[in-house]
Every structure is written in structure tokens, then in C-alpha cells.
Amino acid sequence: MSLTFHWFLPTYGDSRDVVGGGHGVPVGAAGGRRPATLGYLTQIARAAEQLGFTGALTPTGAWCEDAWLTTAMLARETERLKFLVAFRPGFVVPTLAAQMAATYQRHTGGRLLLNVVTGGESHEQRAYGDFLDKDARYARTGEFLHIVRELWQGRSVDFGGEHLRVEDAGLTRVPDPVPEVYFGGSSSAAGEVAARHSDVYLTWGEPPAQVAEKIAWIRRLAEAQGRTVRFGIRLHVIARDTADAAWAETRRLLAGFSPEAVRTVQAGLARSESEGQRRMLALHGGSDDGLEISPNLWAGIGLVRGGAGTALVGSHTEVAERITEYHRLGIDEFILSGHPHVEEAYWFGEGVLPLLAAEGLWRHPEAGAAGTTDDLGGVQVPFAGGIGAAR
């Protein structure tokens, strides 16, 4: 199976330094030297499309722009790129969400993917008028996805659950194709919902052994439901021509983290109710010592940013090897990002993707039928030694 790569749209702003936000980081803490204008986000989206990324993830929360509206506008500026829209089921009723997805698919030619975010922070949920606790939010998400999937099949739905109720619900037109549902979460409540309703289960970038445990956990739960689930991972990436150049970039980024900023962000993240965030914090413990927690896996991002806090760091060959390692565990989709997002997309797209193509692990969506490694929509292969060759 060919690997799938997605990039990221920083709808809170971008910079050559790490831009924070989410999971306990105060509203307004995100930002950067490059405002998230439609023009700048278009630059990122077009770069990702040209390089061969399948889609782009857009975050959700009070600290960034609305994902639905932003990506709907960006769809007019791109041709092929799909948009992995993060949204929270508690903020929109299921019939309207199903209708929005159908409209989006119709007007973009089927370029919507959905990242369902239950919400791990009660204080942020309350700001939107949602006063359920965490376990209740997951239960509601399960009810929400049940209703939406029934509607997408063209069925009339009568449903009365603990949290949601609809009568004689239906869609005039169903989405074509039905959007795939991406879902993440590390708690037991999250696992049950993921196994029953997700198409792709997402994990943040933990060391391979921990990722393997998660994959086995979700597979067992999905099999009990008579389902199969694909797996994806969310990571930052710093890939350069040499390993020394890549690690020099981590030192530059780390030099920009003031001790006060790290303490403030870590104090906020420590209050998070998210099990996934707790696991991210455990990787570095708030310290800048020993941040390479696994070969080529750097936990420094998580010192000043909520959510995904690890990066693959190394030469193009080393990064390709780590991706191959995760793939052998069962990961087929990679959602990547880097600071800044235009330049890092090109470092990865021109340096790492051709190596994976040469190994038959990836193919540019616009490659010719022959699938030769130099027919990658403008991406040339600079390296012929293969993954694992001398570097």
C-alpha cells in the first residue's frame, strides 16, 4: 500500500520559530511573524499540492481561524489538495454537519476529510457553551457519528440517545464520496469511539514501541466490532541534506524558547484533561535535557506547544528510514508540519519523498501511469542509494 502524506495549515500564524497554541495554552498565545492570511495559507496549500501531499490538516479551537470557512475558501485556490478539517461534534448538530459535508463535497469535487476532535479541555468547551465532562463528550461523539453516518447512507434517521436526539432526519443529497473520518484519542473512552466509527485512527508522534501498543489496542477493539481501521501519525519534521544541519536547526529553535515561556506553557498543559497530551508531556518532563527520545525523534516542540509535540529530525535518508519504521508497525498515513510551513514542505517534499518513491513506498498523486521515480510532478530524485544506504 502506498503511503499517504498530508501537510498542515497553520491558521493561527506561522514563523521561523515554533508557534504555540491549543491544549491549555492561553487564547491569543498563538501567532507569529507571518499572519494566517488567505494569501499566505494559499502559498502553503499550493506548495503541498505541487510536492505531492494528498491533503492538509487544519486545526480547530479558539486560538485559530475556523477550519470549515478557511478551507472552503482555499479550495478555490487549489485543484487537487484535500482538506482534513478538524471540528468538534459538540459545536454543531449532526444533521447540519452531515449537510455541510455533503455541500463541501459537491462544491470541491470530493476534497473533504474530517478530523473529529471531541475536545480534551473542559474550560475551552465551556467557552463555547458545552458543559459536558470528558467521558460524556466522548459518548456524545459516538452518538453524533452514528447519526451522521446513517444520514450519509441516505437513510431517514430517528434516534434518541443520552445526549442527542433527531426525528425524521434526512439529506436531500448525500456526499459523494462520503468523507473519511479521522479520529484520535488515548483514553479508554476514545478507543471505543475510534474502533466503532473511525476510518483512520490518529496518534501523536510517540516512540515506535508506544505507537505499536496503540495500534494493537485499537485493532483489538475494532475487531470486536467487526471492523478494520487504518492508522496515521501526526508529527513535525526537520529534514536536511545532512544530519548535522537538521540537528543544528533544533538547537536554533531551542535557543528561542525562553525559560519563562516554557514554564508558562508547561503549567497550562499540565492542567489538560487529554490523555494524549499527558503522554506528550511525559516524553520530555518539561526539561530540555535528553530531548532525542528515540532515534531521530525530538520532543522539543512540546516544550512550547500543545498537541503534537515531537519532530522527526535528521538527514533525508534518516527521516525516510524512521517513516519506514513506523510504516512497518502499521502506519499508512503521515500528517506532517514544520516551521515555517512553506520552506519545510519543500525540504521534506524534495528531500524525503523521492527516497520513499524510489523504494516503492510512495507515489506522487500526479505521477504518470508508469510511476517512475523521476515522474513526480516536478519532484526530482537526487539520491539513488536507497533507504539505508551510506549517509
Side-chain angles (χ1 to χ4, degrees), residues 6-36 44 56-65 67 86 115 117 119-121 123-124 184 186 202-207 233-238 249-293 297-313 334-345 348:
H6 306 280
W7 198 239
F8 185 80
L9 295 172
T11 55
Y12 42 81
D14 201 8
S15 172
R16 291 185 179 276
D17 301 311
V18 177
V19 180
H23 290 274
V25 176
V27 173
R33 297 180 179 87
R34 303 183 187 182
I44 298 172
L57 172 65
T58 306
T60 181
W63 49 287
C64 57
E65 301 289 352
N115 179 29
V117 179
E121 318 304 329
H123 71 278
E124 185 177 9
S186 299
L202 295 176
T203 178
W204 285 329
E206 299 179 9
I233 193 168
R234 171 78 178 94
L235 287 156
H236 304 276
V237 64
I238 302 172
E249 180 65 9
T250 68
R251 293 190 291 273
R252 186 192 69 81
L253 291 173
L254 198 60
F257 301 170
S258 72
E260 181 182 1
V262 172
R263 284 194 298 269
T264 299
V265 170
Q266 291 302 300
L269 295 178
R271 295 191 293 269
S272 173
E273 300 170 6
S274 166
E275 175 64 15
Q277 184 62 69
R278 185 196 65 77
R279 293 168 69 103
M280 284 284 101
L281 294 179
L283 295 178
H284 54 69
S287 171
D288 60 5
D289 294 328
L291 289 174
E292 188 178 4
I293 56 174
L297 186 64
W298 185 64
I301 302 290
L303 292 174
V304 293
R305 184 191 192 278
T310 54
L312 292 179
V313 179
F334 294 79
I335 302 175
L336 306 175
S337 58
H339 302 84
H341 287 73
V342 173
E343 288 92 325
E344 289 295 342
F348 183 85

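Computed from a predicted structure; not experimentally measured. Numbering starts at 1 and runs along the sequence shown.
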Exercise. CG/L283 to CZ/R278 distance, rounded to the nearest 0.5 angstrom?
Worked result: 10.0 Å
Exercise. CZ of F257 to CZ of R305: how many Å apart, nearest 0.5 Å?
Worked result: 11.0 Å
For this session: Would you check if the side chain of S186 reaches a backbone N or O of E275 as a donor-acceptor pair within less than 3.5 Å?
Result: no
For this session: Check for a donor-acceptor pair, side chain of E292 on one end and backbone N or O of W298 on the other, with a separation under 3.5 Å.
Result: no
Exercise. How many angstroms lie between atom CD of Q277 and atom CZ of R271, to the nearest 0.5 angstrom?
Worked result: 12.0 Å
Problem set entry | Backbone N/O of A62 and side chain of E124: donor-acceptor pair under 3.5 Å | yes
For this session: Look up atom CG in L57 and atom OG1 in T11, then write down how far apart they are to the nearest 0.5 Å.
Result: 9.0 Å
Seminar exercise, completed: Nearest heavy-atom contact between V342 and D14 is N-OD2, 4.4 Å
Exercise. How close do P10 and I44 get, heavy atom to heavy atom, and via which atoms?
Worked result: CD-CD1, 3.5 Å
For this session: Kindly determine whether L303 and L254 satisfy side chain to side chain contact (heavy atoms under 4.5 Å, CB included), including the steps that lead there.
Result: CA-CA 9 Å; L303 292 174; L254 198 60; 3.9 Å; yes
For this session: Check whether any side-chain heavy atom of V117 lies under 4.5 Å from a side-chain heavy atom of P59, and answer yes or no.
Result: no
Exercise. What distance separates D17 CG from L253 CG, expressed to the nearest 0.5 Å?
Worked result: 6.5 Å
Seminar exercise, completed: In terms of heavy-atom contacts, T58 and A67 come closest through CG2-CB, 3.7 Å
Problem set entry | Parallel, tilted or perpendicular, as decided by the 30° and 60° cut-offs, for the rings of W63 and Y12 | tilted
Exercise. Just by distance, do the side chain of H341 and the backbone of L9 share a donor-acceptor pair under 3.5 Å?
Worked result: no
For this session: Would you mind telling me which of R234, H6, E344 makes a side-chain hydrogen bond (donor to acceptor under 3.5 Å, both in side chains) with S337?
Result: R234
Exercise. Is it true that a side-chain atom of W204 and a backbone atom of R279 form a donor plus acceptor pair closer than 3.5 Å?
Worked result: no
For this session: Name all residues meeting the ring-ring contact (aromatic ring centres under 6.0 Å, His included) criterion together with H284; count only those two or more places apart in sequence or in a different chain, and write none if there are none.
Result: none
Exercise. Atom CG of L291 and atom OG1 of T310: how far apart are they, to the nearest 0.5 Å?
Worked result: 11.5 Å
For this session: Mind listing the closest non-hydrogen atom pair of G302 and L269 along with its distance?
Result: O-CD1, 4.0 Å
Problem set entry | Pair L297-L235, side chain to side chain contact (heavy atoms under 4.5 Å, CB included): steps then yes or no | CA-CA 9 Å; L297 186 64; L235 287 156; 3.8 Å; yes
For this session: Locate the shortest heavy-atom distance separating G290 from I293; write the atom from each residue and the value.
Result: O-CG2, 3.9 Å
Exercise. Any salt bridge between E260 and R263, counting N to O under 4.0 Å?
Worked result: no
Exercise. What are the two closest heavy atoms between S15 and R33, and how far apart are they?
Worked result: OG-NH1, 3.2 Å
